[in-house]
**Student:** 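Sending over a structure as structure tokens; questions will come in a sec.
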Protein chains: 2
Amino acid sequence: MLKELDPLLHSQLRLGVMSLLMSAESAEFVYLKEKTNSTAGNLSVQLDKLSEAGYITIEKSFNGKKPLTTCKVTKKGIKAFEEYVNTLRDYIKK
Amino acid sequence: MLKELDPLLHSQLRLGVMSLLMSAESAEFVYLKEKTNSTAGNLSVQLDKLSEAGYITIEKSFNGKKPLTTCKVTKKGIKAFEEYVNTLRDYIKK
DNA sequence: TATTTTGGTTTATTTTATAAACTACTTTAT
DNA sequence: ATAAAGTAGTTTATAAAATAAACCAAAATA
């Protein structure tokens, strides 16, 4: 029987964000927006969900006078991502 | 930039169905229902969507007196699945 | 022969994703 | 100096998707 895929990660945008964070120490809102080709609104909502779940941390600061939102994946997030990938492999391996 | 994941395949249940069909010549409704641990209603709806998209064919017949729904993946479905998997690899590789 | 089970479909509800509108501030052009 | 446009987001509304609930017809079981 196929196992369930963590619904928090099985979303194109949230998975994209996590994927980027998995290989980047930290990433800024604008960078994530560009790389995932998402709208600011959608990204904002999805980052909140990941943060709510404890998969990432969000830090708001300023870059000179502009607001700066910086995200990092947490240990919990890394674990969830790895589990998700393992589960997914059952779906996509031939 | 991350590419978009075929939304028709990026659904746990539809992906599960496709995954099973990719390695099974054909599969019956009841088998798919068990393997994916889905409800009949949800499965029925999702099979229709895959069929609408031309990713699978659905054949309705009888097994003695009981209705029997048999599904097969099409060439188009195989191609779509393979493309999906390739795109997905960019998301889940470290 | 009433009751439950099988194999589904259809419709309604909930959840999720996306888009649109808005805020607050900054930079650029006039 | 000030209007217009751009940046970096958030909030709210809408559309789409997934799921659950209700239903149907026939068959098997008690």
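So that the names make sense, note that chain A is the first sequence line, chain B the second, and so on, each numbered from 1.
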**Student:** Can you pull out the residues from residues 29-49 of chain A that lie within a 4.0 Å heavy-atom distance of DNA chain C?
**Tutor:** A/G41, A/N42, A/Q46, A/K49
**Student:** Atom CD of B/E59 to atom P of C/dG7: distance rounded to whole Å?
**Tutor:**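 To the nearest whole Å, that distance equals 18 Å.
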**Student:** What is the distance, rounded to the nearest whole Å, between atom CG of A/N63 and atom C1' of D/dG9?
**Tutor:**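 In whole Å, D/dG9 C1' lies 14 Å from A/N63 CG.
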**Student:** Roughly how far, to the nearest 0.5 Å, is OG1 of A/T70 from CD of A/E25?
**Tutor:**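 Answer rounded to 0.5 Å: 13.0 Å.
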**Student:** Can you check whether A/R14 has a side-chain N or O nearer than 4.0 Å to OP1 or OP2 of C/dA17?
**Tutor:**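 It does, given that an N or O in the side chain of A/R14 lies less than 4.0 Å from OP1 or OP2 of C/dA17.
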**Student:** Calculate, to the nearest 0.5 Å, the distance between atoms NE2 and CG belonging to B/H10 and B/L15 respectively.
**Tutor:** 8.5 Å
**Student:** State the CZ-OH distance between A/R14 and A/Y84, to the nearest 0.5 angstrom.
**Tutor:** 10.0 Å
**Student:** D/dA27, D/dG9, C/dT16: which one has an atom nearest the side-chain heavy atoms of B/K65?
**Tutor:**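 Taking heavy atoms from C-beta onward, the closest nucleotide is D/dA27.
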**Student:** In this structure, how many angstroms lie between the P atom of D/dA17 and the NE2 atom of A/H10, rounded?
**Tutor:** 13 Å
**Student:** Just how far, in rounded Å, is P of D/dA26 from CG of B/L68?
**Tutor:** 17 Å
**Student:** What is the separation between atom CG on A/D6 and atom C1' on D/dA18, rounded to the nearest whole Å?
**Tutor:**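 After rounding, the reported distance stands at 16 Å.
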**Student:** State, yes or no, whether a side-chain contact exists between A/L9 and A/L5 at a heavy-atom distance under 4.5 Å.
**Tutor:**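 Of all side-chain heavy-atom pairs linking A/L5 with A/L9, none is under 4.5 Å.
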**Student:** Take B/K66 and A/P7, find for each the nucleotide of DNA chain C with the closest heavy atom, and name the residue whose nucleotide sits nearer the 5' end.
**Tutor:**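 Nearest-nucleotide comparison on DNA chain C picks B/K66.
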**Student:** Whole angstroms only, please: what is the CD1-C1' distance between A/I58 and D/dA8?
**Tutor:** 14 Å
**Student:** Can you sort out the partners of A/K60 under side-chain contact (heavy atoms from CB on, under 4.5 Å), two or more places apart, ordered by chain and number?
**Tutor:**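 If we apply the side-chain contact (heavy atoms from CB on, under 4.5 Å) test to A/K60, skipping adjacent residues, the hits are A/I58, A/T69.
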**Student:** Please check this pair: side chain of B/S44 against backbone of B/A40, looking for a donor-acceptor N/O pair closer than 3.5 Å.
**Tutor:**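 Checked: no pair found.
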**Student:** In whole angstrom, what separates B/F62's CZ from C/dG8's C1'?
**Tutor:**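 Going from CZ in B/F62 over to C1' in C/dG8 covers 11 Å.
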**Student:** Could you tell me the separation between the CD atom of A/E28 and the CD atom of A/E34, rounded to the nearest 0.5 Å?
**Tutor:**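 If we round to the nearest 0.5 Å, A/E28:CD and A/E34:CD are 10.5 Å apart.
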**Student:** Nearest to the side chain of B/P67 - C/dG7, D/dA8, C/dT27?
**Tutor:** C/dG7
**Student:** Looking at B/K60, I'd like to know whether one of its side-chain N or O atoms comes within less than 4.0 Å of OP1 or OP2 on C/dG7.
**Tutor:** no
